[in-house]
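When reading the values below, keep in mind they use all heavy atoms of this one structure, side chains included, and skip hydrogens, waters and symmetry mates.
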Amino acid sequence: MIIVSISACDDGVVNSDTNSPDSIANIESMAKASNKGAPVNCANQVNNNTKKLLDCVTIDGVRRHQAAFQAIADANNGTRVSGSEGYNASVDYVSHMLMEAGYEVETQDFDFDAWYPIGTQSLEQTSPFPFSYAFNTDFNIMTQSAAGNLTASVTAVDLSLGSGNLSTSGCEASDFAGFPAGNIALIQRGGCTFQLKAINAEAAGASGVIIFNQGNIPGNEGLQNGTLGTTYSFVIPVMGATYALGVEWANTPGLVLSMEVNVFDGQVTTQNVFAELPGKNADNVVLAGAHLDAVPAGPGINDNGSGSAAILETALQMAKIKPEYTVRFAWWGAEEFGLIGSNYYVANLPFDELQKIALYLNFDMIGSPNYVYFIYDGDNSDGFAPFGGVVEAAAIEDVFEEFYTERGVPFKKTSPIIGSDQLAFYSSDIPVGGLLTGAGLIKTPEEADIWGGTAGDQYDPCYHLACDTFDNVSMEALE
């Protein structure tokens, strides 16, 4: 494991443009303001019991960190994706906040294969009349798409339009029979992976691909955030689009579109961030973590600026505590590329150090606008842990269950292996737990009856999209 200590000065930290919102000067001013709005004694008292800590970890404090993450994204092409300057500035911000509170901060470097959009992305109709479409509103770039700049006629591929359709557009090579080589393939979502659709289109001679949403149900009409998978061969550019535009284009004779896709594709170095409260018992470590990175498409203020901000404010308010057990906070990098940061940490931690981790708590998306209060079923007491769970995780569930029950708030169990950073710990037989308010899955009518919100919509309608901004947070769920 490579751990690099950052001293409490500017020398070990990447400095951004001093005129940008994520500059060192602005970061330090944000740090000094972090306790404003909390009860007056929070800056001085030792928050060594539950009541004190609950009083001092305020929604205002957490929202200030989310505002800082938004400002960082705004200054860095709208994203905080790992490997980018936006992520580096997020690391700077978290590190400075912690050092202001007296922590020694450590970062762990690791390399990974990164992909994210850079520069200009455009989609224009050149015939039958000129028209420009809006990036991240009308269209976006499929994750792992190749770069490309082209103008070509558009050919629809085996579409099945209308409510309730059973589209398998582009899933078979035969769907492209007679496809004019060099044209842009207009493909509908449904029936198989985006990757397979793109591979079949490329094999048929397409110069580019646009995959529009399926439109079979109301929840499948907007702009999707699709991925071609890390095994896609990066041959032709692939965009996503709304169902309405797909229908319009399918019914436009003589359609010619111009696509411009600019992406970074290569190996980069990024970091995990750690801060620790040494306990009297150093052989038992309580580890709480959240991923700090965002997807390429947006600023990631709910996913996962919510969890990152919450454990940051908690760490700041616990800074004066001398705990019985060692408490370690972690902000993971490259979660959105496949849980890379947390997997790297666990894989490179010496066995005796791994054995000291008594439990791991994960907080990924805890302010979803169309929320449900989920608790990870780490012990399989409700049948959500596919490998049987870890018995000791029952104590973690009890804490969260009691918290919600005392407040008359209903909750629901969910699988502990849902794709986030607890998976590496769970796979190492470490008790895991944590909270989740929902990601890209659809809220059921039964859930809407219990928690309110909108049945048939995603728990987070802006999941992995550019609209995951400071405003894309339920204040009630987050608090």
Side-chain angles (χ1 to χ4, degrees), residues 115 117 121-136 138-162 165-216 220-263 265:
W115 176 98
Q121 319 298 327
S122 68
L123 179 62
E124 298 180 353
Q125 178 177 299
T126 63
S127 180
F129 57 86
F131 188 83
S132 295
Y133 299 98
F135 181 51
N136 283 331
D138 299 320
F139 76 98
N140 59 13
I141 310 303
M142 287 272 178
T143 302
Q144 304 298 330
S145 168
N149 191 343
L150 61 103
T151 300
S153 297
V154 176
T155 299
V157 178
D158 190 32
L159 305 184
S160 177
L161 304 178
N165 72 74
L166 300 175
S167 169
T168 59
S169 169
C171 292
E172 304 288 341
S174 58
D175 293 346
F176 294 86
F179 184 89
N183 278 15
I184 295 169
L186 180 64
I187 301 176
Q188 187 176 3
R189 179 185 182 183
C192 63
T193 65
F194 297 130
Q195 182 188 85
L196 180 58
K197 293 173 187 282
I199 289 172
N200 286 338
E202 188 265 329
S207 58
V209 176
I210 301 176
I211 304 175
F212 65 93
N213 213 337
Q214 187 171 350
N216 56 327
N220 285 347
E221 293 178 347
L223 191 64
Q224 75 243 18
N225 186 69
T227 180
L228 302 173
T230 56
T231 58
Y232 182 62
S233 57
F234 299 95
V235 176
I236 56 176
V238 183
M239 290 180 171
T242 65
Y243 175 71
L245 277 177
V247 172
E248 177 185 321
W249 291 330
N251 290 287
T252 303
L255 179 65
V256 178
L257 294 178
S258 179
M259 301 171 61
E260 182 180 4
V261 175
N262 293 290
V263 300
D265 168 31

side-chain hydrogen bond (donor to acceptor under 3.5 Å, both in side chains) partners of residues 168-183, not counting sequence neighbours, each pair once: T155-N183
When you compare the side chain of V247 with that of L161, does any pair of heavy atoms fall below 4.5 Å? yes
Gap between atom CD1 of I141 and atom OG1 of T227 - 0.5 Å precision: 13.0 Å
Going by heavy atoms in the side chains, are L186 and V157 under 4.5 Å from each other? no
Would you say that P117 contacts N262 through its side chain, given a criterion of any heavy-atom pair below 4.5 Å between the two side chains? no
Distance check, rounded to the nearest 0.5 Å: L123 atom CG versus D138 atom CG? 8.0 Å
Rounded to the nearest 0.5 Å, what's the gap from CE on M259 to CG on L150? Could you check? 5.5 Å
Measure the CG-CH2 distance between D265 and W115 for me, rounded to the nearest 0.5 Å. 9.5 Å
Would you check if V256 and Q125 make a side-chain contact, meaning some heavy-atom pair closer than 4.5 Å? no
I want to check something: taking the side chain as every heavy atom from C-beta on, are I210 and I187 in contact at a cut-off of under 4.5 Å? no
Exercise: do Y243 and Q188 side chains pair donor with acceptor under 3.5 Å: no
Should the ring pair F139 and F135 be called parallel, tilted or perpendicular, given that the plane angle runs from 0 to 90° and is split at 30 and 60? tilted
At what distance, to the nearest 0.5 angstrom, does OG of S145 lie from CD of Q121? 8.5 Å
Kindly compute the distance separating CD1 (I211) from NZ (K197), expressed to the nearest 0.5 Å. 6.5 Å
Contact summary for Q224 and M142, nearest pair of heavy atoms: NE2-CE, 3.6 Å
Assess the side chains of S167 and S160: does a donor N or O sit below 3.5 Å from an acceptor N or O? no
